[in-house]
S.K.: 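The structure under discussion is supplied below as structure tokens; questions concerning it will follow.
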Amino acid sequence: MTPASVALIAALLAAALASVKPLGLYIAHVMEGRPIWPVRVGAPLEGRLYRLCGIDPGTPMGWKAYATALIVFNALGALAVYALQRLQLWLPLNPQHFANVSADSSFNTAVSFATNTNWQGYSGESAMSDLTQMAGLAVQNFLSAATGIVVAIALVRGFVLREAKAIGNFWVDVTRATLYILLPLAFVLALIFVSQGVVQSLSADKDVTTLELLHYTQPKVDAAGNPISDKAGNPVMQSMATHTQTLPMGPVASQEAIKQLGTNGGGFFNANSAHPFENPTPLTDFLQILAEILIPAALTYSFGHMVGDTRQGWALLAAMIVLFVSLACIIVHSEQLGNPRIARLGVDQAASALQPGGNMEGKEARFGIGASALFATTTTSTSCGAVNAMHDSFTPLGGFVTLFNMMLGEVVFGGVGTGLYSMLIFAVIGVFIAGLMIGRTPEYLGKKIEAFEMKMSSIAILVMPFIVLLGTAVAVSIAPGKAGVANPEAHGFSEILYAFTSASNNNGSAFAGISADTPFYNTALGLVMWLGRYWPIVAVLAIAGSFAAKKRVPVTAGTMPTHGPTFVVLLIGTVLLVGALTFVPALALGPVIEHLMLWGA
Amino acid sequence: MNTLIRPALVLLVIMTLITGIAYPLVLSGLAHWIFPEQAAGSVIVKDGRPIGSRLIGQAFSDPRYFWSRPSATAPQPYNGLGSTGSNLGPLNPALTDAVKARIDALHAADPGNRAPIPVDLVTASASGLDPDISLAAADYQAPRIARVRGLDLAAVRALIDTHAEGRWLGFLGEPRVNVLELNLALDALK
């Protein structure tokens, strides 16, 4: 690791830690409905909005009603995105005159954005109209992130409430999370992005005349646009020359900001945050990484504040940071080592004052190794899924860690809201295991953990490995699954495993060589994203309802403290054991074999 | 149903108006007003004609120019509408073949130069539109530029130095140089 990489990780943690308390407190106050000034300013608008919708903000809901409202709201959102894609040719704000998107791709993208996954089977600059991007995709960026926040807050309320039947009003929660938390942060961040060169324009794409005449070949097509083949079946190529380069335009910055803050990750362009119009400078890159962990980290403080013991929140954050730093160091180190097969060709991969060195395939010169590897760690551990470097071209060990991060269930900071509620489920399981070991009734934050909570926790934790492994097994067994693979041998398996891991965990990043815009992958991954999102959410809300209905047991000498180093170690152990053991065999078939082949030969 | 469908539908419409229409439009207006050049793609204009963006790289194969990083976009490199990386895995033979071909092309353009080649000059970028190369990659190409253009090597190196960008605050980003700007400066030398 170079000194600059170490400084980068340190600066990221420092910036994140500095914002944890103020932002965490702000989020808690907004979600508790305290009359702080932004809430007072927004109150008239909020009141009118509730009247229009026929919402009574004073009536809280039980967990079943809360879950139903959440799923109906998300399903309607997915439907809207689907409709926008299917009709975009006839709708306004389509300066490029993009055609309507196919049914299977539209289904996949609609589910993808509603579930906060933002897996992208399509290529943004050549498929989606400005209206689809703004009114469809960007809206779900906000609402899916808000959905994550409200589930986490509902679970926290479960710990706080005593003998209560209701856990909050979903409509009010989702409105407040969007208007007071996500929207202002996104606005400020988007303006900073524009100042650095992120595009924000509704005009048509721009043609420029390049310095050099570019000669290239492309497949010849007939009048219908199908490629022509010669007698041997090879495509007929034609020579072309051009002085023109087309610069893509669009409302990029507004989408970029919420894409990072909401841990959504769906890029405006195909290359995502590697594209210079999405992420032009090292400063925007740093802010993008910070934005991914900003809210997930702050929510741990909101949790501690709301349960009346901030140490509880810091304990969760400590466990996250320990895991995060360890994983980040492995990726940085591995990518900096580079690729021995390329070194052998007489290529200089050593880091120096003049070059980053290392494995630069699929990385940008302005980010080099440190910023690319740190981005990869953050994006896979937060469920964001944006990329500023191509994970498919990472070293086997680097690729291993990106996969492993997701397999832990997105709890190392995790997604907006999902990180906190998933980590709390691990805490419940950890406390339960510890309780079994010492022979006491397990309790967490004064709530007894009983059979119902353990059943729901198991459901919440186990659905992900189940659909990842089942999906991967199906895909590697049938022709449409194998057809999409781009790289040979073990790496091809990793591409499929990555796709299902990413979709199930609502991450959205990819080993992007895989051709996933096919009816098989669009459908399979769409289903997996839906189950991976709402199955655990319903289980978590059930736990919230059950905890809320319980009394609070007083702390005694026999109560296990859940704020000290012992608990942090227990929590890390639980996350690693559950996450790792499930996936070791699958990982051995992919990146582990590849690592041995790369360095063994 | 009235307590479920109506709130869901109306709230979705209102949120679409706020976050999907008002937010990007207000931001577009503000961006256009405060940062007009950045918001419109940081376009470089020469003799009244747009000749590229400061942020989007261009393909160069003439030995008179500094070459950009290899690009995996199709059908032509640096296709502004087709951003992508190669997505070749580290063990894929296609990757080593591609690197070999790029090494051969660099050697053919500058037969006398057998220095180790900086890795970013023979590996494809993530976006396929990378505007920069490392300072090492620029330095490696300097002797060729000097020879083909009949310039002093020191003059070419000085030009690289004036266009070099360092790490921001000492740790953000990598030392690099913008290829299009560097080549425009080369053309402006005489």
Side-chain angles (χ1 to χ4, degrees), chain A residues 4 7-8 52-55 72-73 76 125 134-135 138-139 142 171 190 194-195 197 199-201 208-210 212 214 216 218 245-247 251 254 269-271 274-276 280 282 286 339 341-342 347-349 354-356 360-366 368 389-390 392 395 487 491 512-513, chain B residues 4 6-8 10-12 14 16 19-20 24 27-28 31 35 38-42 49-53 55-56 58-60 62 75-76 80-81 83-85 87 89-92 96 99 116-120 122-123 125-127 129-136 168 171-174 176:
Chain A
L8 185 65
L52 270 173
C53 300
I55 295 165
V72 168
F73 188 58
L76 272 181
E125 56 266 61
M134 280 166 43
V139 172
F142 279 99
W171 311 115
V194 178
S195 78
V199 169
Q200 179 72 25
S201 160
V208 296
T209 311
T210 56
E212 201 180 287
L214 177 61
Y216 64 100
Q218 69 175 30
Q245 185 185 43
T246 306
L247 304 176
S254 52
F269 303 118
N270 185 50
H275 198 295
F286 183 78
N339 185 337
R341 299 201 171 184
I342 288 180
V347 173
D348 180 9
Q349 295 190 95
L354 298 182
Q355 71 159 1
M360 282 299 286
E361 179 71 26
K363 296 191 180 66
E364 297 282 293
R366 62 192 178 286
M390 295 301 138
D392 216 351
T395 60
N487 282 285
H491 200 79
Chain B
L4 189 58
R6 181 181 156 202
V10 181
L11 189 60
L12 180 64
I14 295 176
T16 302
T19 63
L27 195 82
S28 297
F35 306 109
Q38 290 95 320
S42 310
R49 269 196 321 173
I51 56 155
S53 164
L55 296 175
I56 303 289
Q58 295 184 7
F60 292 98
D62 192 325
Q76 78 271 32
L81 297 181
S83 65
T84 186
N87 284 312
L91 283 154
N92 195 329
T96 15
V99 172
I117 302 175
V119 62
D120 63 306
V122 289
T123 47
S125 62
S127 63
L129 303 171
D130 198 337
D132 305 310
I133 51 176
S134 70
L135 294 181
W168 202 66
F171 70 94
L172 279 184
E174 295 292 333
R176 64 199 185 278

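Chain A is the first sequence line, chain B the second, and so forth, proteins listed ahead of strands; every chain is numbered from 1.
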S.K.: When rounded to the nearest 0.5 angstrom, what is the spacing between CD1 in B:Ile51 and OG1 in A:Thr210?
M.R.: 9.5 Å
S.K.: Calculate, to the nearest 0.5 Å, the distance between atoms CD1 and OG1 belonging to A:Ile342 and B:Thr123 respectively.
M.R.: 7.0 Å
S.K.: Heavy-atom pairs under 4.5 Å with chain B are the metric here; pick the option from A:Met390, A:Met360, A:Glu364 that has the most.
M.R.: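 Most heavy-atom pairs under 4.5 Å with chain B: A:Glu364.
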S.K.: Which atoms of A:Leu8 come close to chain B, meaning under 4.5 Å heavy atom to heavy atom: side chain ones, backbone ones, both, or neither?
M.R.: both
S.K.: Please classify the contact between B:Ser42 and chain A as side chain, backbone, both or neither, with a heavy-atom cut-off of under 4.5 Å.
M.R.: side chain
S.K.: So, using side chain to side chain donor-acceptor pair (under 3.5 Å) as the criterion, who are the partners of A:Asn339 when residues are at least two apart?
M.R.: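 Partners of A:Asn339 by the side chain to side chain donor-acceptor pair (under 3.5 Å) criterion come out as none, since no residue qualifies.
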S.K.: About how many Å separate CG of B:Leu91 and CG of A:Asn487, when rounded to the nearest 0.5 Å?
M.R.: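 Between A:Asn487 CG and B:Leu91 CG, I get 9.5 Å after rounding to 0.5 Å.
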S.K.: Any idea which of A:Ala4, A:Cys53, A:Pro282 has the most non-hydrogen atom pairs under 4.5 angstrom with chain B?
M.R.: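 Ranked by contacts with chain B, first place is A:Cys53.
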S.K.: Over all heavy atoms of both residues, which pair between A:Pro356 and B:Glu174 is shortest? Give the atoms and the distance, please.
M.R.: CB-OE1, 3.6 Å
S.K.: What's the spacing between B:Asp120 CG and A:Glu361 CD if we round to 0.5 Å?
M.R.: 11.5 Å
S.K.: Atom OG1 in A:Thr246, atom CG in B:Leu81: separation rounded to 0.5 Å?
M.R.: 5.0 Å
S.K.: Looking at chain B, which one of A:Gly513, A:Ala274, A:Pro276, A:Pro280 has the largest number of heavy-atom pairs inside 4.5 Å, strictly under?
M.R.: A:Pro276
S.K.: Under 3.5 Å, is there a donor-acceptor pair between the side chain of B:Asp130 and the main chain of A:Ala365?
M.R.: yes
S.K.: Looking at B:Gly85, B:Pro90, B:Gly80, which makes the most heavy-atom pairs under 4.5 Å with chain A?
M.R.: B:Pro90
S.K.: Pick one of side chain, backbone, both or neither for A:Phe73, based on which atoms fall under 4.5 Å of a heavy atom in chain B.
M.R.: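 For A:Phe73, heavy atoms of backbone and side chain both lie under 4.5 Å from chain B.
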S.K.: Could you tell me whether a side-chain N or O of B:Ser83 sits under 3.5 Å from a main-chain N or O of A:Ala271, the two making a donor and an acceptor?
M.R.: yes
S.K.: Side chain, backbone, both or neither: which part of A:Thr395 has a heavy atom under 4.5 Å from chain B?
M.R.: backbone
S.K.: With sequence neighbours excluded, what pairs up with A:Asp392 under the side chain to side chain donor-acceptor pair (under 3.5 Å) test?
M.R.: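 In terms of side chain to side chain donor-acceptor pair (under 3.5 Å), with neighbours along the sequence ignored, A:Asp392 is linked to A:His491.
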S.K.: Can you see which heavy atom on B:Ala59 is nearest to which on A:Glu212, and at what distance?
M.R.: O-CB, 4.1 Å
S.K.: So for B:Ile14, is it side chain, backbone, both, or neither that comes closer than 4.5 Å to the heavy atoms of chain A?
M.R.: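 For B:Ile14, the side chain is the part near chain A, not the backbone.
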S.K.: Considering only heavy atoms from C-beta outward, does the side chain of B:Arg49 approach that of A:Val208 to under 4.5 Å?
M.R.: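 No - every pair of side-chain heavy atoms lies 4.5 Å or more apart.
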S.K.: Heavy-atom pairs under 4.5 Å with chain B - which of A:Val72, A:Val139, A:Leu247 has more of them than the others?
M.R.: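 Ranked by heavy-atom pairs under 4.5 Å with chain B, first place is A:Val139.
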S.K.: What distance separates B:Leu4 CG from A:Trp171 CH2, expressed to the nearest 0.5 Å?
M.R.: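 Between B:Leu4 CG and A:Trp171 CH2, I get 5.5 Å after rounding to 0.5 Å.
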S.K.: Where does A:Leu214 contact chain B at under 4.5 Å (heavy atoms): side chain, backbone, both or neither?
M.R.: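 Answer is side chain: those atoms of A:Leu214 sit under 4.5 Å from chain B.
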S.K.: Please check if the side chain of B:Gln38 supplies one atom and the backbone of A:Val194 the other of a donor-acceptor pair under 3.5 Å.
M.R.: no
S.K.: Which residue out of B:Asp62, B:Val122, B:Ile133 racks up the most heavy-atom pairs below 4.5 Å with chain A?
M.R.: B:Asp62
S.K.: Between B:Arg6 and A:Leu52 (side chain of the first, backbone of the second, donor and acceptor by atom type, cut-off under 3.5 Å), is there such a pair?
M.R.: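 Answer holds: yes.
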S.K.: If you tally heavy-atom pairs under 4.5 Å against chain A, which of B:Pro50, B:Ser53, B:Pro131, B:Ala31 wins?
M.R.: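 Ranked by heavy-atom pairs under 4.5 Å with chain A, first place is B:Pro50.
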S.K.: Please tell me if the side chains of A:Met134 and B:Ser28 come closer than 4.5 Å, counting only heavy atoms from C-beta onward.
M.R.: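 No, their side chains stay 4.5 Å or more apart.
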S.K.: At a 4.5 Å cut-off on heavy atoms, which part of A:Gln245 comes close to chain B: side chain, backbone, both, or neither?
M.R.: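 When you check distances to chain B, only side chain atoms of A:Gln245 fall under 4.5 Å.
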